[in-house]
Amino acid sequence: MNRRNFSQLLSAGLFTAVINSTAKAQSAAQAPFSLKYAPHFGMFQQHAGKNEIDQLKFMYDMGFRALEDNDMMGRPLETQVKIGETLARLGMDMGVFVIKFDGFFDKSHMTSGDKAWTDTFLQACHKAVDTAKRVNAKWATVVPGNFSRQLPMGIQTGNVIEVLKRGAEILEPHNLKMVLEPLSDNPDLFLRYSDQTYSICKGVGSPSCKILFDIYHMQRNEGNLITNMNRCWDEIAYIQIGDNPGRKEPGTGEVNYQNVFKHIKNKGFQGVLGMEHGNFHPGKEGELKLIEAYRKADLV
């Protein structure tokens with residue numbers, strides 16, 4: 001076989017692979033999922049390209065009816081507006097974005113009771129309201145930061161509650177809920193358990209302060225997912241997904257997501273479930289396998 005014929009066959013093979021991948025994506029464009037699973041930008045970039053609006057349209061075609069974007073506050077204002085307009089046109093919900101500020105994750109900003117940190121957080125809450133209006137968001141993630149080694153835990157908990165009360169005063173008139181996320185990333189984090197988060201939400205006593213129940217983090221920190229979800233149910237406003245180990249799509253780890261999703265449906269959950277995880281498999285085929293994983297887990 002000469003080089004020209006080989007090149008033609010190779011090109012034809014690559015072309016066929018692309019066509020097959022596109023056909024699979026089109027065939028996966030079924031009815032909406034039974035729950036509002038929310039992908040994030042970049043998850044389907046191999047199929048939809050880098051443009052956020054094109055990615056949103058692809059998500060919709062695949063049956064997803066929500067978007068999650070932790071970095072929304074940092075995006076250019078014109079991009080936020082375009083995303084909001086596209087979500088409205090497609091009839092998709094906006095999931096969480098993160099109320100971010102310098103040191104929001106790895107400093108003892110709420111636990112310390114320091115007025116400077118409190119003022120920084122409250123300024124970020126005002127900015128979050130503006131962002132939420134552009135994209136019609138109802139939820140925004142809040143992380144209280146690290147615990148303070150110099151203070152008893154009860155004092156720190158009281159400090160966190162007082163800061164969150166002031167944040168809720170800003171968000172509540174705009175129907176924006178801050179959802180507190182207990183995390184498993186490192187042992188210095190103050191907020192780690194669902195019952196701890198529940199008690200803080202009860203202490204704040206506002207419809208704008210609720211729980212973000214991240215299944216990945218809660219599986220790592222405490223397990224007993226369905227029981228703990230039930231115990232905290234009246235304070236849970238948002239759910240996130242990720243299998244463990246690896247923090248990838250359902251079916252790639254130890255969590256029985258078919259049972260978990262079935263339970264969430266039976267509870268009558270009407271909110272968004274953020275797909276805060278990576279893709280287990282690479283490339284276009286990996287994106288299709290991710291969609292197939294959600295179809296499988298959703299069929300209960």
Side-chain angles (χ1 to χ4, degrees), residues 70 73 96-129 132 139-225 227-240 274 276:
N70 286 339
M73 277 185 70
V96 292
F97 63 90
V98 175
I99 299 182
K100 285 186 178 180
F101 50 90
D102 290 339
F104 91 103
F105 185 85
D106 59 353
K107 299 291 189 301
S108 302
H109 56 80
M110 286 193 192
T111 59
S112 66
D114 186 289
K115 182 180 183 301
W117 277 121
T118 299
D119 291 344
T120 298
F121 170 68
L122 298 180
Q123 290 171 8
C125 286
H126 284 292
K127 293 180 181 178
V129 168
W139 308 275
T141 305
V142 168
V143 179
N146 289 351
F147 69 84
S148 301
R149 298 182 185 276
Q150 292 78 24
L151 295 173
M153 287 297 288
I155 301 299
Q156 295 182 63
T157 300
N159 289 339
V160 170
I161 289 173
E162 287 304 308
V163 174
L164 294 175
K165 281 183 178 179
R166 295 188 62 187
E169 291 173 356
I170 296 169
L171 304 179
E172 193 171 328
H174 305 280
N175 297 315
L176 180 60
K177 293 179 174 63
M178 54 180 165
V179 283
L180 310 182
E181 184 177 12
L183 298 170
S184 64
D185 298 282
N186 69 71
D188 289 330
L189 289 161
F190 170 78
L191 198 62
R192 295 181 59 83
Y193 303 105
S194 58
D195 66 320
Q196 176 195 16
T197 315
Y198 180 87
S199 66
I200 290 172
C201 288
K202 290 298 184 184
V204 175
S206 168
S208 282
C209 183
K210 296 295 180 180
I211 297 173
L212 191 169
F213 193 98
D214 187 310
I215 295 170
Y216 165 76
H217 288 298
M218 293 302 88
Q219 174 67 6
R220 297 184 75 199
N221 280 353
E222 61 188 27
N224 207 16
L225 292 169
T227 296
N228 287 332
M229 198 178 290
N230 285 342
R231 288 169 174 165
C232 300
W233 189 256
D234 64 321
E235 294 294 338
I236 294 174
Y238 198 91
I239 296 170
Q240 285 182 326
E276 196 185 36

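Computed from heavy atoms alone, side chains included, the values below leave out hydrogens, waters and symmetry copies.
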Within 6.0 Å of NZ in Lys202, more than 12 heavy atoms from elsewhere: yes

Atom pair OG (Ser108) and CD (Gln156), whose distance is rounded to the nearest 0.5 Å: 7.0 Å

Closest contact, heavy atoms only, Phe121 versus Ile99: CE1-CG2, 4.5 Å

Derivation and outcome, side-chain contact (heavy atoms from CB on, under 4.5 Å), residues Phe104 and Val142: CA-CA 9 Å; Phe104 91 103; Val142 168; over 6 Å; no

Cys232 vs Tyr198 side-chain heavy atoms within contact, under 4.5 Å: yes

Side chain proximity check, Tyr216 to Glu276, heavy atoms < 4.5 angstrom: no

Reported NE2-to-CG distance for the pair His126 and Leu171, which is rounded to 0.5 angstrom: 9.0 Å

Least distance between heavy atoms, Ala237 atom then Lys210 atom: CB-CB, 3.5 Å

Shortest non-hydrogen contact from Gly113 toward Asn159: N-ND2, 3.6 Å

Donor-acceptor pair, side chain of Gln196 and main chain of Phe190, under 3.5 angstrom: yes

Asp102, CG: over 12 other non-hydrogen atoms inside 6.0 angstrom: no

Pairwise distance OG1(Thr227) to CD(Glu222) - rounded to 0.5 angstrom: 10.5 Å

Donor-acceptor contact below 3.5 Å, side chain Asp188 vs main chain Asn146: no

Rounded distance (nearest 0.5 Å) linking atom CD of Gln219 with atom CG of Asn228: 10.5 Å

Minimum heavy-atom distance Leu176-Ser208, with the two atoms named: O-OG, 2.9 Å

Any donor-acceptor N/O pair, Gln240 side chain to Ile215 backbone, under 3.5 Å: no

Any Pro207 side-chain heavy atom under 4.5 Å of Glu172 side chain: yes

Criterion side-chain contact (heavy atoms from CB on, under 4.5 Å) on Met218 and Leu225, from CA distance to verdict: CA-CA 7 Å; Met218 293 302 88; Leu225 292 169; 4.0 Å; yes

From Glu235 atom CD to Trp233 atom CH2, the distance as rounded to the nearest 0.5 Å: 12.5 Å

Heavy-atom pair with the smallest gap, counting every atom of Asn70 and Lys100: O-CE, 4.1 Å

Lys/Arg N to Asp/Glu carboxylate O, Glu169 vs Arg166, below 4.0 Å: no

Worked check of side-chain contact (heavy atoms from CB on, under 4.5 Å) between Ile200 and Leu180: CA-CA 9 Å; Ile200 290 172; Leu180 310 182; 3.8 Å; yes

Exercise: identify the closest heavy-atom pair between Asn221 and Ser184: OD1-CB, 3.1 Å

Flag side-chain contact, heavy atom, 4.5 Å: Asp214 against Pro182: no

side-chain contact (heavy atoms from CB on, under 4.5 Å) between Phe213 and Ser194, intermediate numbers included: CA-CA 7 Å; Phe213 193 98; Ser194 58; 4.0 Å; yes

Mutual orientation of the aromatic rings belonging to His109 and Phe101 [parallel < 30°, tilted 30-60°, perpendicular > 60°]: perpendicular

Side-chain H-bond candidate by donor/acceptor type, Thr141 with Glu181, under 3.5 Å: no

Distance in Å, Thr197 OG1 paired with Leu212 CG, rounded so as to fall on 0.5 Å steps: 9.5 Å

Residues Thr111 and Ser148: side-chain donor-acceptor under 3.5 angstrom: yes

Close side-chain approach of Leu191 and Leu183, heavy atoms under 4.5 Å: no

